[in-house]
Amino acid sequence: MKIGYPCINTSIGCTANSTFRLRNYSEENMREKINNNLECLKRILEYNLKNELLFFRISSDLIPFASHPICTFKWEQEFKEEFKDIGEFIKENEFRISMHPDQFVLINSKDKRIVNNSIRELEYHCKVLDLMKLDRTAKVQIHVGGIYGEKEESIDRFIKNYNSLSDMIKKRLVIENDDRNFSLKDCLIIHEKTKVPILFDSFHHECLNNGEEVKHALKESIETWKENDGIAMTDYSNQEKGERKGVHAKHIYLEKFRKYLQETKEFNFDIMLEIKDKEKSALEAIKEVKRIRKE
DNA sequence: AGTTGTCAAGCTAGT
DNA sequence: ACTAGCTTGACAACT
């Protein structure tokens with residue numbers, strides 16, 4: 001079991017997701033930001049290694065505007081060696097790596113342009129992991145997408161569009177149950193038809209479920225991961241008290257996390273903590289994991 | 001130096 | 001009709 005946090009480290013004073021405004025696009029800006037982001041990514045990974053946080057989500061902003069038509073800069077070639085170096089560091093230390101394209105990536109959209117833009121964006125994410133020469137256990141997670149007033153049709157459209165994706169994307173793509181539209185059960189229907197692994201988000205499952213107990217839900221999602229996909233990835237968060245449903249906690253609720261670890265003790269899976277104070281909560285979580293899993 | 005409106009992209013539910 | 005929330009933070013133009 002590996003523990004991690006997404007994209008941003010708040011204590012080492014550098015960001016691997018530095019960007020600029022579209023109107024300021026230039027080769028110079030690209031070069032500067034990518035340089036900064038790759039260097040910082042390395043520093044974050046070094047921090048994580050020291051603190052035994054071996055699961056990390058790389059920011060989608062690593063390469064700004066990578067899938068935008070404006071981007072003609074050949075970043076793959078120019079930073080080939082840097083990607084390779086980071087990849088080697090990741091492999092030597094057995095980090096688990098994921099990426100999470102944002103809400104605009106919708107392969108079940110009714111609009112062909114949105115689907116095409118989404119595919120370009122997925123290609124960019126996979127390209128980053130390919131350049132690092134990571135195997136197919138490094139994953140790219142997305143949600144199923146929109147409902148567009150007709151859930152079944154939208155699921156069918158997801159399946160149809162998924163099937164036409166390139167192997168480059170298929171080998172890394174996993175789907176996550178979300179908190180409002182597509183539950184674990186919906187994801188399982190899609191898995192039946194496509195074999196796409198399901199990344200279980202325990203907090204989303206709390207928000208939207210079909211009455212399954214956490215343990216059972218987790219087990220079902222774990223079973224969708226094949227040998228060469230690696231250990232199942234999961235997301236974990238808590239509801240922030242006093243905020244509306246679905247708002248992520250500022251700081252981990254350790255009691256709840258402990259309970260979750262106890263309940264799921266018999267399974268092996270990796271946990272991404274989607275908590276707003278990032279590595280601060282992750283540091284507390286890793287202590288709990290070491291304590292409870294050693295018992 | 002600090003503040004604040006705004007940022008490529010979409011969808012949904014709540015106000 | 002508008003906005004928050006989604007990984008929500010960071011850029012950049014303004015005091």
Side-chain angles (χ1 to χ4, degrees), chain A residues 4-11 13-26 29-30 32-33 36-37 40-41 44 55-71 97-125 139-151 153-154 157-158 175-183 186 199 201 203-204 207-208 233-240 242-250 252 271-282:
Chain A
Y5 60 97
C7 310
I8 293 163
N9 178 295
T10 65
S11 43
C14 80
T15 55
N17 57 332
S18 182
T19 182
F20 49 84
R21 295 288 177 256
L22 181 58
R23 64 177 179 275
N24 295 331
Y25 175 88
S26 69
N29 265 340
M30 283 295 283
E32 188 195 313
K33 295 301 180 186
N36 171 82
N37 291 348
C40 181
L41 175 59
I44 293 175
F55 188 14
F56 190 66
R57 183 184 297 164
I58 297 172
S59 169
S60 296
D61 283 333
L62 189 73
I63 313 296
F65 304 104
S67 77
H68 191 285
I70 201 172
C71 180
I97 299 295
S98 67
M99 294 186 84
H100 192 341
D102 62 28
Q103 60 271 32
F104 313 107
V105 173
L106 298 154
I107 67 168
N108 79 341
S109 175
K110 287 180 162 176
D111 184 337
K112 226 176 168 181
R113 283 170 311 172
I114 293 173
V115 175
N116 284 335
N117 289 345
S118 297
I119 291 172
R120 283 170 61 93
E121 184 71 356
L122 288 172
E123 278 168 352
Y124 148 62
H125 283 78
K139 295 300 187 189
V140 173
Q141 66 186 94
I142 59 169
H143 298 279
V144 178
I147 290 180
Y148 309 96
E150 235 308 323
K151 196 167 185 178
E153 279 178 22
S154 296
R157 217 164 36 245
F158 182 97
I175 54 170
E176 173 193 346
N177 57 304
D178 70 73
D179 58 345
R180 289 202 296 237
N181 302 328
F182 295 97
S183 65
D186 299 320
L199 188 154
D201 186 312
F203 180 42
H204 289 165
C207 299
L208 178 70
M233 287 179 178
T234 67
D235 284 349
Y236 180 88
S237 190
N238 298 125
Q239 171 68 42
E240 180 62 40
E243 294 287 340
R244 32 194 251 195
K245 186 174 145 183
V247 175
H248 289 232
K250 290 186 181 71
I252 191 166
I271 305 179
M272 178 63 62
L273 294 161
E274 294 186 331
I275 309 276
K276 289 183 184 173
D277 67 1
K278 307 288 175 181
E279 81 286 353
K280 292 187 179 71
S281 286

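Residue numbering restarts at 1 for every chain, and letters A, B, ... go by the order of the sequence lines. These numbers come from the heavy atoms of this one structure, side chains and all, not from hydrogens, waters or symmetry mates. Keep in mind that what you see is a predicted model, and the values were worked out from it rather than measured.
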Phe56(A) and Tyr5(A) aromatic centres sub-6.0 Å: yes

Proximity to the side chain of His248(A) - top-ranked nucleotide from dC11(B), dC6(C), dA9(B): dC6(C)

Sugar-phosphate, base or nothing in reach of Ile8(A), heavy atoms under 4.0 Å: sugar-phosphate

Nucleotide nearest Gln103(A) when distance is taken to its side chain, options dT7(C), dG10(B), dC7(B): dG10(B)

Sugar-phosphate, base or nothing in reach of Asn181(A), heavy atoms under 4.0 Å: sugar-phosphate

Any donor-acceptor pair under 3.5 Å from Asp277(A) side chain to Lys280(A) backbone: no

Check: Asn177(A) main-chain N/O paired with Ser183(A) side-chain donor or acceptor under 3.5 Å: no

Cationic tip of Lys151(A) above Phe182(A) ring, under 6.0 Å, 45° of axis: yes

Touch class at under 4.0 angstrom, heavy-atom based, for Pro101(A) against every strand present: base

Same-atom distance (C1') from dT3(B) to dT7(C), integer angstrom: 25 Å

Value rounded to 0.5 Å, distance of CD1 in Ile70(A) from CE in Met30(A): 9.5 Å

Among dC11(C), dA8(B), dT7(C), the nucleotide that comes nearest once only the side chain of Phe20(A) is considered: dC11(C)

Among dC11(C), dA9(B), dC11(B), the nucleotide that comes nearest once only the side chain of Glu121(A) is considered: dA9(B)

Touch class at under 4.0 angstrom, heavy-atom based, for Arg23(A) against every strand present: sugar-phosphate

Nearest-Å distance once atom P is located in both dG5(B) and dA4(C): 12 Å

Glu123(A), His125(A), Arg120(A), Glu121(A) screened by side chain to side chain donor-acceptor pair (under 3.5 Å) with Ser67(A), the one that passes: Glu121(A)

dG14(B): pairing nucleotide in any strand, Watson-Crick or G-U under 3.5 angstrom: dC2(C)

Out of dA8(B), dC11(B), dG5(C), whichever nucleotide has its closest atom nearest the side chain of Arg180(A): dG5(C)

Inter-nucleotide P distance (dT8(C), dT6(B)), Å rounded: 23 Å

Nearest to side-chain heavy atoms of Asp102(A), which nucleotide of dA9(B), dG10(B), dA10(C): dA9(B)

From dA10(C), dT7(C), dC11(B), nucleotide with atom closest to Thr15(A) side chain: dA10(C)

Centroid under 5.5 Å and tilt under 30°, Phe104(A) to dA9(B): yes

Options dC11(B), dT7(C), dA8(B), nucleotide nearest the side-chain atoms of Leu106(A): dC11(B)

Touch class at under 4.0 angstrom, heavy-atom based, for Thr19(A) against every strand present: sugar-phosphate

Spacing of the P atoms in dA13(C) and dA8(B) (rounded, Å): 12 Å

Sugar-phosphate only, base, or nothing, as touched by Ser59(A) at under 4.0 Å among non-hydrogen atoms: nothing

For dC14(C), the Watson-Crick or wobble partner whose two distances fall under 3.5 Å: dG2(B)

Closest to side chain of Tyr148(A), choosing from dA10(C), dC11(B), dC11(C): dC11(B)

